[in-house]
Amino acid sequence: MTPVRAASGAATGAALGPGVLAVAALLVVLLAAAVAALVVQRARRRRHDAEARALAERLRRDACHDALTGLLNREGFLHAAAGPLAEGGAVAVVDLVLLGAVNDTLGHARGEVFVRLAAERLGTAGTAVAADGFVAARLEGDTFAVVLPRVDGHDAHRVAETLRERLLPPYLVEGVRFEAPVVVGVAADGPWLADVPAGAERTAALLRRADVALAATRAGGEPVRCYEPSMGERAARRLRLIRGFSAAVARRDVRVDFQPVVSLGERTVVGVEALARWDHAELGLLLPDEFVPVLEATGQIGELTSFVLDEALAAARRWLDRGMRLSVAVNVAVANLGNAAFPDEVAQLLDTHRVPAELLTLELTESGVSSEREVALPVLRRLHALGCRLAVDDFGTGQSSLAHLRRLPVDQVKIDKSFVLGMGTEYGDVAVVRAIVEMGHTLGLQVVAEGVEQAAVRVALAEMGCDVAQGYLVSRPLPAVCFDAWLDTLDVRQGEPGTTPGPRTLIA
Ligand code: C2E
Ligand code: CA
Ligand code: CA
């Protein structure tokens with residue numbers, strides 16, 4: 001049957017003729033073209049999809065990575081760290097504390113080279129995950145975050161120390177050798193984070209705590225610190241001080257106490273040192289050792305100095321009006337010396353209170369005049385030219401030598417109280433104090449001993465020829481009203497007859 005049908009089909013084709021065949025051929029060609037177009041279109045779409053996927057991947061990578069180093073960025077770190085932290089671990093925040101110096105000396109491009117060199121020591125070239133499973137991110141500048149997987153509270157300090165050692169060796173940037181100080185704050189996962197959900201949220205909590213520990217290294221001088229809950233309280237307390245300071249000044253919760261300064265020879269009260277106090281509504285009486293460093297770190301110290309200067313000069317005016325010529329000493333911060341407008345402010349305040357410039361002494365710390373010397377010198381010269389006296393405070397604790405002081409427009413040196421307090425028991429301290437007194441006098445400086453608590457020390461200082469003393473033996477710092485009352489208890493020696501109304505001399 002089949003051959004017969006075929007034969008009949010062929011007979012039909014022949015019967016349809018060449019026209020039909022041509023149409024059929026055309027259809028075949030069209031079909032082929034359509035198929036080809038479809039294939040091309042599919043291929044194009046596939047390519048397009050691949051490109052879109054690659055683009056999306058790149059965008060995702062960019063959003064999670066730091067363009068300069070190839071490490072993760074903060075966002076990327078929060079997500080990527082969750083995996084390695086799943087079985088517990090710690091987060092370290094590492095600050096190399098050097099980028100500013102490299103930028104300043106060699107420019108920003110070289111600064112970037114330095115950051116890349118540091119990043120290479122943390123991650124394996126261009127990737128965030130190093131062979132040891134560390135996941136590293138650049139948070140900002142030369143500050144990095146690193147996950148330390150399976151590291152618990154006992155090991156955290158030791159592992160953070162090895163991380164630090166990796167970053168310590170000197171960096172060679174364009175032939176210049178830099179040594180980075182490198183500080184590390186570390187926080188280990190633990191039961192105290194149990195109520196924080198695992199994942200990005202837990203990483204963020206660890207990162208915050210590692211940051212608090214890092215801040216503690218800056219305050220405390222130890223290069224590696226593990227987070228302790230009390231650090232969080234301290235950080236919160238600092239934040240309260242930062243936020244509350246200006247309002248406290250306005251409310252007059254900040255005040256100035258006065259501590260007398262007496263001449264060792266004649267035992268007369270020659271002046272006072274103005275010392276800031278903050279009577280905090282909730283935290284109680286705060287001393288400057290707590291709030292001054294906080295204000296220095298935030299740039300609010302200028303506001304404190306202005307307030308203390310104003311109060312001190314107002315007091316000097318009051319005493320002048322009562323016939324007492326007392327000099328006032330005000331502590332100034334390094335930031336004040338970097339402010340070119342500071343001498344104008346001082347001149348303005350002296351003018352407002354009608355106080356002669358020579359009655360104002362500005363006390364600078366030893367580190368203030370040595371580290372920022374280039375910045376400070378023009379400001380110091382202008383203050384001196386106004387007629388103010390300049391004193392170097394806490395002398396003996398820093399690096400500067402008396403020979404260095406010779407190059408500064410300084411009138412007075414205050415021996416640090418630690419040596420004076422030690423004079424009663426330590427022979428070495430007696431020798432240091434004697435040496436400072438002698439060298440100070442050789443340089444034509446007035447020498448002040450502070451921290452005089454014992455009568456025997458006062459006698460010894462007088463014998464050495466030290467000029468002036470300040471300390472609890474004479475009086476603690478007192479609020480203005482109490483200080484005035486204290487003055488009233490003193491013996492008065494009136495000025496020489498004929499020089500009326502001579503200044504009242506008070507014997508302490
Ligand atoms: P300083 O300038 O060395 O001030 C002297 C400190 O020694 C004062 O502490 C004073 O109360 C204390 N002192 C005085 N005599 C004795 C003594 O016999 N024995 C002992 N143990 N201590 C004595 P205070 O008032 O707590 O001030 C601490 C530091 O805070 C000051 O050290 C000064 O560096 C800084 N400071 C105080 N007020 C200001 C301010 O208005 N501005 C700035 N920038 N710093 C300030
Ligand atoms: Ca002082
Ligand atoms: Ca001092």
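When a ligand or atom number is given, it counts from 1 through the structure's own listing order.
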**OP:** Identify, by atom number and element, the atoms of ligand 1 in contact range of Pro477, meaning under 4.0 Å from any of its heavy atoms.
**Re:** 11 (O)
Original post:
Between Arg277 and ligand 1, which part of the residue brings a heavy atom under 4.0 Å of the ligand: side chain, backbone, both or neither?
Top reply: side chain
Original post:
Taking only heavy atoms of Leu304, which atoms of ligand 1 are found under 4.0 Å from at least one of them?
Top reply: 40 (C), 41 (O), 42 (N)
Subject >> Ring centroid separation Tyr171 to Phe178 under 6.0 Å >> reply: no
**OP:** Kindly identify the option in Thr397, Leu309, Asn331 whose heavy atom sits closest to atom 39 (C) of ligand 1.
**Re:** Asn331
Original post:
Does Arg252 pair with Glu311 as a salt bridge, N-O distance under 4.0 Å?
Top reply: yes
**OP:** Check each heavy atom of Asp394 against ligand 1 and say whether those closer than 4.0 Å belong to the side chain, the backbone, both or neither.
**Re:** side chain
Subject >> Shortest protein contact, atom 41 (O) of ligand 1 (heavy atom only) >> reply: Val308 CG2, 3.3 Å
Original post:
Any idea which atoms of ligand 1 are less than 4.0 Å away from a heavy-atom of Glu453?
Top reply: 17 (C), 18 (O), 19 (N), 20 (C), 21 (N)
Subject >> Considering only N, O or S atoms of Asp394, the one closest to the Ca ion (ligand 3) >> reply: OD1
Original post:
Between Asp66 and Thr69, do the side chains contain an N or O donor and an N or O acceptor separated by less than 3.5 Å?
Top reply: yes
Original post:
At under 4.0 Å between heavy atoms, which part of Asp393 makes contact with ligand 1: side chain, backbone, both or neither?
Top reply: side chain
Original post:
Heavy-atom distance from atom 9 (O) of ligand 1 to the protein below 4.0 Å?
Top reply: no
**OP:** Could you tell me whether Arg476 sits above the aromatic face of Tyr472, with NZ or CZ closer than 6.0 angstrom to the six-membered ring centre and within 45 degrees of the axis?
**Re:** yes
**OP:** May I ask you to check if Arg209 and Tyr227 form a cation-pi contact, with NZ or CZ under 6.0 angstrom from the six-membered ring centre and within 45° of the axis?
**Re:** yes
Original post:
Do the charged groups of Asp488 and Arg322 touch, with an N to O distance under 4.0 Å?
Top reply: yes
Subject >> Trp486/Phe258 aromatic ring centres below 6.0 Å >> reply: no
Original post:
Are any of the N/O atoms in Gln259 less than 3.5 Å from those in ligand 1?
Top reply: yes
Original post:
Of the listed options (Pro293, Pro288, Ser418, Ala469), which comes nearest to atom 37 (C) of ligand 1 when hydrogens are ignored and any heavy atom counts?
Top reply: Pro288
Original post:
Tell me, which N, O or S atom in Glu363 is closest to the Ca ion (ligand 2)?
Top reply: OE1
Original post:
Side chains of Thr298 and Gln300: is there a donor and an acceptor less than 3.5 Å apart?
Top reply: yes
Original post:
Which value, rounded to the nearest 0.5 Å, describes the distance between Asp411 atom CG and Gln446 atom CD?
Top reply: 8.5 Å
Original post:
Which angle, to the nearest 10 degrees, do you find at the Ca ion (ligand 3) between OE2 in Glu450 and OD1 in Asp393?
Top reply: 120°
Original post:
Any salt bridge between Lys417 and Asp394, counting N to O under 4.0 Å?
Top reply: no
**OP:** Measure from atom 6 (C) of ligand 1 to every heavy atom in Glu450, Gln470, Lys417 and give the option owning the shortest one.
**Re:** Lys417
Original post:
So which bit of Val330 gets within less than 4.0 Å of ligand 1, heavy atoms only: side chain, backbone, both or neither?
Top reply: neither
Original post:
With the threshold set at 4.0 Å, does a side-chain nitrogen-carboxylate oxygen contact exist between Arg240 and Glu282?
Top reply: yes
Original post:
Quick one: does atom 32 (O) of ligand 1 have a protein heavy atom under 4.0 Å from it?
Top reply: no
**OP:** Using distance alone, determine whether Ala276 and ligand 1 share an N or O pair under 3.5 Å.
**Re:** yes
Original post:
What part of Glu273 sits under 4.0 Å from ligand 1 if we count only heavy atoms: the side chain, the backbone, both or neither?
Top reply: side chain
Original post:
Between the side chains of Gln412 and Asp467, does any donor sit under 3.5 Å from an acceptor?
Top reply: no
Original post:
Which residue owns the protein heavy atom closest to atom 16 (C) of ligand 1, what's the atom, and how far is it?
Top reply: Tyr472 CE2, 3.3 Å
Original post:
Of all N, O or S atoms in Glu273, which has the smallest distance to the Ca ion (ligand 2)?
Top reply: OE2
**OP:** Say whether Glu345 and Ser306, considering side chains only, have a donor N or O and an acceptor N or O under 3.5 Å apart.
**Re:** yes
**OP:** Heavy-atom contacts with Asp289 under 4.0 Å: which atoms of ligand 1 show up? List them by number with element.
**Re:** 28 (C), 29 (C), 30 (O)
